[in-house]
Amino acid sequence: MTVVSTNESSTEVAGLRRSPLAGRRDELAAAGVEGLRGVRLGEEPFLSQVNLRVLPASPAAAGVEQALGTILPREPNRVTGDEHDAALWLGPDEWLVVAPDGRADGIVEAARTAMADSPGSVVDVSANRTTLRLAGPTSREVLEKVCSLDLHPRAFRSGQCAQTLVGRAQVVLWQVGTEPAYRLMVRGSFADYLADLLLDAMAEFTHR
Amino acid sequence: MLQIRCPWCGDREETEFRYGGQAHVDYPRDPAALDDRAWGEYLFVRDNPKGEFAERWVHTAGCRRWFTTVRDTATNQMRAELPSARKPVM
Amino acid sequence: MTSPHRLDSSVRAGRVDRTRRLRGTVDGVELSGHPGDTLASALLAEGRIVAAPSIHRGRPRGILAADCTEPNALVQLHGACPEPMLTATRVELYDGLVAESLSGVGRVGPEADTAVYDKKYVHADVVVIGAGPAGIAAALSAGRSGARVVLVDEQRELGGALLDGTERIDGHPATEWIGRAVRELVELPEVRVLTRASAVGCYEGNYLLVAEKRTDHLAEAGPQQPRQRLWHLRTQRVVLATGAHERPMVFADNDRPGIMLASAVRSYINRYAVLPGQQAVVFTTSDSAYTTALELLDAGARVPALVDTRPDPPAHLAEQVRAAGGQVYPGSAVVGTGGQERISSVRISELDEQGSLTGTPREVECDLLAVCGGWNPVVHLFSQAGGTVRWDPVVAGFLPEEPTGSLPKVVGAARGTYDLAGCLSQGLAAGAEAATTSGFRVAVPPVPPVAGDRPSTRPRPLWLVPAEEGTSEQWHTHFVDLQRDSTVADIWRALGAGMRSVEHVKRYTTISTGQDQGKTSGVNAVGVIADALMAGSPGEVGTTTHRPPYTPVPFALMAGRDRGGLHDPVRTTPMHSWHVAAGAVFEDVGQWKRARYYPRAGEDMDAAVQRECLAARTGVAMQDVSTLGRIEVVGPDAPEFLNRIYTNGFAKLPVGKARYGMMCTADGMVLDDGVSMRLAEDRYLMSTTTGGAAGVLDWLEEWLQTEWPHLGVHCTSVIEQWAAVAVVGPDSRAVVGRIAPELDVSAEAFGFMEFRDTVLRSGVPARICRVSFSGELAYEVNVPAWYGLAVWEEVAEAGADLGITPYGTETMHVLRAEKGFVIVGQDTDGTVTPLDLGMDWVVSRRKDFVGKRSFARPDTARTDRKQLVGLLPMDPQQQLPEGAHLVDPDGPRQPPVPMLGHVTSSYRSAALGRTFALALVADGRRRVGEVLCAPAGGTDIAVEVTKPIFYDEEGVRRDGRQYE
Ligand SMILES: [Zn+2]
């Protein structure tokens, strides 16, 4: 929508926001363990997320890339950029642009301007999903209990993403680090379920 | 459980997909031109072979793309995953 | 205290740790043993060979096997993790174990199983099932390539049959070779070894399920440690080194305790250092049991008779047995057994060339009878995966056909190769080949030299040993399936009833339908059938189909983590915590938890809903409607696209306005409905029903991608980008005016089915739409989801002085039903057209749309179809049950009773002061004014058919107070 963006409005308004797992911050933090068999879980709320649909390799796509200063990955399940500013492949003509809090309106405006009248779509979906961060030496083992993807480093590495099922929730799974560390971007209504599922899967490593 | 190859995302579990029935059953160009029998055939009549069967799936928990595979209904072997699209109308 | 039948460690060390003693009880009697013991080996060490009596005939039974083929020794475990129907041969002894013998039927206890059951999804290049010599060899050669390898074995340690014997590899005992292999496998970073793990299913596409027992063998497990884990393995190649199972023999009274498989006797002696009997008769059809006889003699038992069906057994074997003090009876069979409970004697008769008895039987005393009816290669997993098997007369067993494509490769005893050198060689080759074809090129390692291994000579299977008296149909103690108590007589009865297929005989006799799935009985049954039908070989009778699971799997393990709150996702809105704090009662709508009503102290649902309805009709009320589906439809062809998808027109909808739309499937039936707003010339925000959101998105994509790819349209799901508050009632304008001061909320400035983007008093950006699902003046306030709770509270506060009342789905249902608004999925069921609902106004006559052609189909065009009507019970306080059938009050009341329709929605209305309902009734619109009857709970409820609208038919209330 084209109303005021949060970075223009007062911090007071931003303070009215509540992320899906805001009430469980301490619980998630307390569940983590450090060490060689450690694993940690937390919420990264309010990331800017913009869904982009544009014909790959078209002038419009090039224009968007230039406007955003991002390369849209052409290879499936790939991410360009880093965990602060990234473009995730979601489909052959679909990407998720991720940036820090407060950047969505700027991205939407820049992309729409660049796309002009070409077919495509730019939609702010920042509030659609929240982000869980699962990290630590056993985080892959935790995920392997609830996700059927091949997460072995030979098949899934830092800088890769996948839209898949974790438990029974659809997520955008994104490996952001080699520790390993993952982001699980999930629709807000599933956030409690996903947190419960991951805490349960972590229990083998966190109750020692 | 089947493992299905999305032509875009790669191999995924069957639970990520939704079945779309027989492939290559195109929506008639002009439904009104069909008589009741022909329209009924389009709506309700599908093949049910033992052996190779071209069928559609949608990667609903992934990239949401529809595609066509050929599955052997006796062995569940699948091959030839292609995006499902009829020829564009110019 | 030493167990009386435990061999001295100088005779046999065994694989048990004699430095530690474990204690448990079986049937209330104390039992002790060592780490490494199974329940069965510990029982045998104390001379307890007798199991519970048989399931139907109550005959004494004993431990027959040493592995998962055991049909008799079933136990129920008590204690922390009670579990029924386990076999004593597979339960490892632990301190504090409490077991009870079972006669074939276990009980699931009433208490919840609180153990943790885990799942794990792992991908590999090569999976090797079975860690005997062939499997270890395969894992080694594959693992050295760098491929991802998983080696799976159901025992507590690797080695398979090598642990039961005394073979030597590379000049050392085989156990040393195993030890070296284990160390190498553990060092290889991409090799994973799973022990105590049964491959229970092998499916197409090289997908395996492996049930791993992790803490079953421990007296106490750590907190949150999974008791069992179900591995989902996806792999490029599978190597099956699953070995072979020995068959028992079918003869009179072949079920007495003390009758044991020859391989099991060997296993108890060598692996567990237990001598199951002192005076052992061995009855065999092949070479392998000679080793058992020699090991019995070596361990200090007497072998008064080795009975071989073959008239000319290999001379060197017979000589070895004689030299060690045993007697050999070639060309003979055991034809009967004696004993009170345990076996005390056998009768031995000579056989002629046809297998008939000849000569005078002799009786030999014994306390153990070791039987070997031949070997069944374990082809279960191969068969599950789609492989076919054939009868091989040389090895007298069903062997896997050479696999094609990506079917599992079978090696070793599982393909009838019984010599150690052959097993090692096949395993090494198969492992290297599997790795190479998976992209990890590797050479086949040299086969190490072995000792203690001889090629076998040909067996003489004897499917049915004749009794000394009677004919086959009378042989009620020739047991084929010990677990099911099924005999040769039962098979003859099945054949007499005309069955010929083994699949039919199996179901008629229940052979191989027990917990053991016929591991000791299936092939013997085929043999007996072949014998009876005078077939040339068992191959002509065929074999039954092997289906998963290979061994029983607890339901708790299949459920895994998907229990309790994790059974299915519970979806909640951003305002959920408020509803909980307000004491809402929730209902499940799909996966969503939606507030159903908000009872105050002392209120039941009816009272709460009456109050909530009244507030919405006379004051102001608010509902959380965040769960509605929302899809942004964007692109130059978006207007054309919606025109094709919706039954009514959307292309001409002005920007800034919204319209109710209905969509149908191609057969003309209602698929979904909702309000779509036109945000810009090329942008719509479509809303769908709560339950239909995902399906509608797939539906839109299907048309866009497969039929109309030339349309420039993109769809993006934004369901949860938004939280939404419906503010409903005559006072809603005041409330919305307060929270949105920049907005002119007057009816003139902000019309019905219009929307405005604005900034709320709090600074929150919002989109407010004038839609109504109640007939009242109403606004839907949409904000980015993370503001949902704050804005909900803002609305509640702004309306506090007006008595704003939160309401739930129940009130929403009543309000909409009073107006005759349908709910797709409640008032429709996939067989209802918009015309059936009386919604002709939503069906465009000018344009084409998906489903339009179907309205002209003869069946759809019938005028007597079920149509939506209203119902008013004659007794205004009587509420119809939803789903109740409607019948003609003067029609027949004996079946078949013609059904005229059914109730789809039924409520108590505050506005009407009575009950009412919606229904689908055949030819319903013509029946308005008729009285029908709803038989419910033994009584008839008389109802009058009405138009499906009960309140404000003129629609004067939707613009609020000043227009009343
Ligand atoms: Zn895909």
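Order of the sequence lines fixes the chain letters, A, B, ..., with proteins taken first and strands second; residue numbering starts at 1 for each chain.
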Which portion of [X] sits near chain A, non-hydrogen atoms under 4.5 angstrom:
X	value
C:R563	neither
C:D682	neither
C:V718	both
C:T716	side chain
C:E794	neither
C:L679	neither
C:I719	both
C:E190	side chain
C:R234	neither
C:P574	neither

[X] side-chain N/O to [Y] backbone N/O, donor-acceptor pair under 3.5 Å:
X	Y	result
A:H84	A:V98	no
A:R103	A:G106	no
C:R571	C:W592	no
A:S121	A:R53	no
A:T70	A:L68	yes
C:Q721	A:S126	yes
A:T178	A:P180	no

With a cut-off of 6.0 Å (strictly less than), are more than 12 heavy atoms of other residues, nucleotides or ligands near CD of A:E109?
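Counting neighbours around CD of A:E109, 12 or fewer heavy atoms of other residues, nucleotides or ligands fall under 6.0 Å, so no.
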
Proximal component of [X], with respect to chain C [non-hydrogen, under 4.5 Å]:
X	result
A:E94	neither
A:D93	side chain
A:A201	both

Top residue by heavy-atom pair count (under 4.5 Å) with chain A, among [options]?
options	result
C:A790, C:P226, C:G712, C:P569	C:P569
C:Q224, C:H123, C:K119, C:R683	C:H123
C:E793, C:Q591, C:K593, C:H714	C:H714
C:R229, C:H576, C:Q225, C:K120	C:K120

Taking the six-membered ring of [Y], is the NZ or CZ of [X] close enough (under 6.0 Å from the centre) and on axis enough (within 45°)?
X	Y	value
A:R37	A:F205	no
A:R78	A:W89	no
A:R183	A:W174	yes

Which residues, numbered in order, of residues 149-168 of chain A come under 4.5 angstrom of chain C by heavy-atom distance?
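A:L149, A:D150, A:H152, A:R154, A:A155, A:R168, listed by number.
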
Heavy-atom pair of closest approach, residues A:A111 and A:L52
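Heavy atoms of A:A111 and A:L52 come nearest at CB-CD1, 4.1 Å.
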
Any idea which heavy atoms bring A:Y193 and C:D568 closest together, and the distance?
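Answer, listing the atom of A:Y193 first, then C:D568: CE1-C, 4.3 Å.
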
Out of [options], return the one with the most heavy atom pairs under 4.5 angstrom to chain C.
options	value
A:S118, A:P20, A:G120	A:G120
A:H207, A:R129, A:R187	A:R187
A:A191, A:S189, A:A169, A:A203	A:S189
A:D200, A:L194, A:N128	A:N128
A:T206, A:T130, A:V125, A:D196	A:V125

Would you call C:E742 and C:R761 a salt bridge, using N to O less than 4.0 angstrom?
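Not counted as a salt bridge, because no side-chain N and carboxylate O are separated by less than 4.0 Å.
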
Does A:E204 come within less than 4.0 Å of A:K145, counting only side-chain N to carboxylate O?
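Here A:E204 pairs with A:K145 in a salt bridge, since their nearest N and O are under 4.0 Å apart.
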
Mind telling me whether C:Y203 and C:Y207 have parallel, tilted or perpendicular rings, with 30° and 60° as the class edges?
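The rings of C:Y207 and C:Y203 sit tilted, inter-plane angle from 30° to 60°.
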
Given the rule in the salt bridge (charged side-chain N to carboxylate O under 4.0 Å, His left out) test, do C:R594 and C:D624 qualify, once you have shown the distances and angles that lead to the verdict?
CA-CA 8 Å; C:R594 296 194 72 181; C:D624 178 356; over 6 Å; no

